[in-house]
> 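Here it is, the structure in full.
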Amino acid sequence: MAWIWMVPVAGAVLLWAISLGRILSYPAPSCVPPSPQFMPPLRDDRRSRNVLLVVAHPDDESMFFAPTILFLKSKGHSIHILCMSRGDADGLGNTRKEELYHACDTLKIPHEQVKVLDHPKLQDGFHEKWDHGLVAELTVQHVQLWGIDTIVTFDSYGVSGHPNHKDLHHGVCKFLHANGQGNDETWELASLNILRKYSGPVDIWLSSLISFSRSKQSIYTVVNSRPSKSYEAMAAHRSQWVWFRRLFVIFSSYTYANVLKKI
């Protein structure tokens, strides 16, 4: 009777392989559904955007946002990263800061377009409460400094539920409310339930279906046609590259695709 258990296992492996093959079949990072309304050229005839990715810790950009970064780079947009902390919860802040720059080398983001902050009120930790007003203030400073027109960050759950991720979202929203949205287009990375989160490339089917059915709500799936780049970028964070994070990158759907919702 042992063969009975082999049937669903074989089915899961086959589905994984088919899903990965579908992702790798894309000639370049892609948007689903294809839409000219998703981050189109700006009205002032500039074809490229200045995009600010706002993250909480070094490695967030590689662990969660790599598909978005690779898609935007493929479209010629200029990526800037504002990291609100050094990730110093374990006393490795300086090391993790340098690792972020190494990861950005892999992702082709110039070092001068990366800023890692070390504010005493924005320290890494599950029990650290970040001031939303301060996050908003720091965001507006860098929006003005870099001439930002598009922002990407976490949603209200923050993918992993980390309190710093959640505070980051609320701080960016506070910035948007204070500035009346202004000319800045802002997108959030959708948090997925645990089954979808750890389904690897398999989630591409459901994410794509949801994006097609809700395209009028400005929900898009960004497909990473080179998932090995996510692995390579995360591996640059050597202090964090322990066995369970290696498994995370393999099994996480965030390695293969991002679902972005417009705020």
Side-chain angles (χ1 to χ4, degrees), residues 19-43 46-55 60-81 107-109 148-160 165 168-169 172-173 176 181-193 195-227 229-230 233 252-263:
S19 302
L20 182 58
R22 177 69 183 106
I23 288 172
L24 296 177
S25 71
Y26 284 93
S30 303
C31 168
V32 179
S35 173
Q37 298 178 350
F38 181 61
M39 297 194 187
L42 299 173
R43 295 179 181 177
R46 282 173 43 210
R47 296 200 63 80
S48 64
R49 290 170 173 254
N50 284 331
V51 182
L52 180 63
L53 174 62
V54 186
V55 296
D60 288 346
E61 83 297 330
S62 302
M63 193 180 299
F64 305 117
F65 291 94
T68 297
I69 292 173
L70 295 171
F71 171 79
L72 293 173
K73 291 290 292 183
S74 74
K75 298 301 180 183
H77 300 310
S78 180
I79 310 295
H80 300 72
I81 295 180
L107 297 169
K108 307 300 183 186
I109 301 173
I148 298 299
D149 46 63
T150 307
I151 299 173
V152 180
T153 192
F154 290 104
D155 68 1
S156 59
Y157 184 72
V159 178
S160 64
H165 296 181
L168 197 64
H169 169 83
V172 170
C173 287
L176 294 175
Q181 196 85 18
N183 297 319
D184 298 306
E185 188 174 296
T186 307
W187 297 81
E188 62 183 12
L189 177 63
S191 296
L192 307 177
N193 65 50
L195 291 178
R196 293 180 62 192
K197 182 178 179 179
Y198 293 109
S199 63
V202 176
D203 185 65
I204 186 65
W205 307 107
L206 182 56
S207 290
S208 298
L209 178 62
I210 291 173
S211 295
F212 270 109
S213 64
R214 300 183 184 177
S215 59
K216 293 183 179 179
Q217 300 177 30
S218 296
I219 299 177
Y220 297 94
T221 297
V222 176
V223 181
N224 180 9
S225 60
R226 298 179 63 193
K229 274 292 181 182
S230 298
S252 169
S253 60
Y254 291 92
T255 296
Y256 306 93
N258 284 165
V259 178
L260 297 177
K261 299 180 181 179
K262 193 173 184 179
I263 299 179

> Using the ring pair (Phe, Tyr, Trp, His ring centres under 6.0 Å) criterion, which residues pair with Tyr256? Sequence neighbours excluded.
none
> Would you confirm whether Lys73, through its side chain, and Lys108, through its main-chain N or O, come within 3.5 Å as a donor-acceptor pair?
yes
> Please report the interatomic distance CZ(Arg226) to CD1(Ile23), rounded to the nearest 0.5 Å.
14.5 Å
> What are the two closest non-hydrogen atoms of Met39 and His77, and how far apart are they?
O-NE2, 4.0 Å
> What's the separation between atom CD1 in Ile81 and atom CZ in Phe65, rounded to the nearest 0.5 Å?
10.0 Å
> Between the side chains of Ser211 and Thr221, does any donor sit under 3.5 Å from an acceptor?
yes
> For the residue pair Arg49 and Asp149, what are the closest heavy atoms and their distance?
CB-OD1, 3.3 Å
> Say you draw a straight line from CG of Leu260 to CG of Leu189; how long is it, rounded to the nearest 0.5 Å?
6.0 Å
> Which heavy atom of Ser191 sits nearest to which heavy atom of Tyr254, and what is that distance?
CA-OH, 3.3 Å
> Does Ser213 reach the main-chain N or O of Ile210 with its side chain, forming a donor-acceptor pair under 3.5 Å?
yes
> With a 4.5 Å heavy-atom cut-off, do Trp187 and Val222 have their side chains touching?
no
> Which distance, rounded to the nearest 0.5 Å, do you find between the CG of Leu53 and the NE2 of His80?
11.5 Å
> Is any side-chain heavy atom of Lys197 closer than 4.5 Å to one of Asp203?
no
> Tell me, please, which residues at least two apart from Arg22 pass salt bridge (charged side-chain N to carboxylate O under 4.0 Å, His left out).
none
> At what distance, to the nearest 0.5 angstrom, does OG of Ser207 lie from CZ of Arg196?
4.0 Å
> Which heavy-atom pair separates Ile151 from Val54 by the least distance, and what is that distance?
CG2-CG2, 4.0 Å
> So, for Ile69 and Ile109, which heavy atoms are closest and what is the spacing to 0.1 Å?
CG2-CD1, 3.9 Å
> Are side-chain heavy atoms of Ile219 and Val259 found at a separation under 4.5 Å?
yes
> Minimum heavy-atom separation for Leu20 to Pro227, with atom names?
CD1-CG, 4.4 Å
> Taking the side chain as C-beta and beyond, is there a heavy-atom pair between Pro201 and Leu24 under 4.5 Å?
no
> Enter the distance from His169:NE2 to Thr153:OG1 here, rounded to the nearest 0.5 Å.
8.5 Å
> Parallel, tilted or perpendicular: which fits the ring planes of Phe64 and Phe154, with parallel below 30° and perpendicular above 60°?
perpendicular
> Could you check if a side-chain atom of Tyr220 sits within less than 4.5 angstrom of a side-chain atom of Pro33, using non-hydrogen atoms only?
yes
> Measuring centre to centre across the rings, with the benzene-like ring taken for any Trp, is Phe38 within less than 6.0 Å of Phe71?
yes
> For residues Asp60 and His165, determine if any side-chain heavy atom of one lies less than 4.5 Å from a side-chain heavy atom of the other.
yes
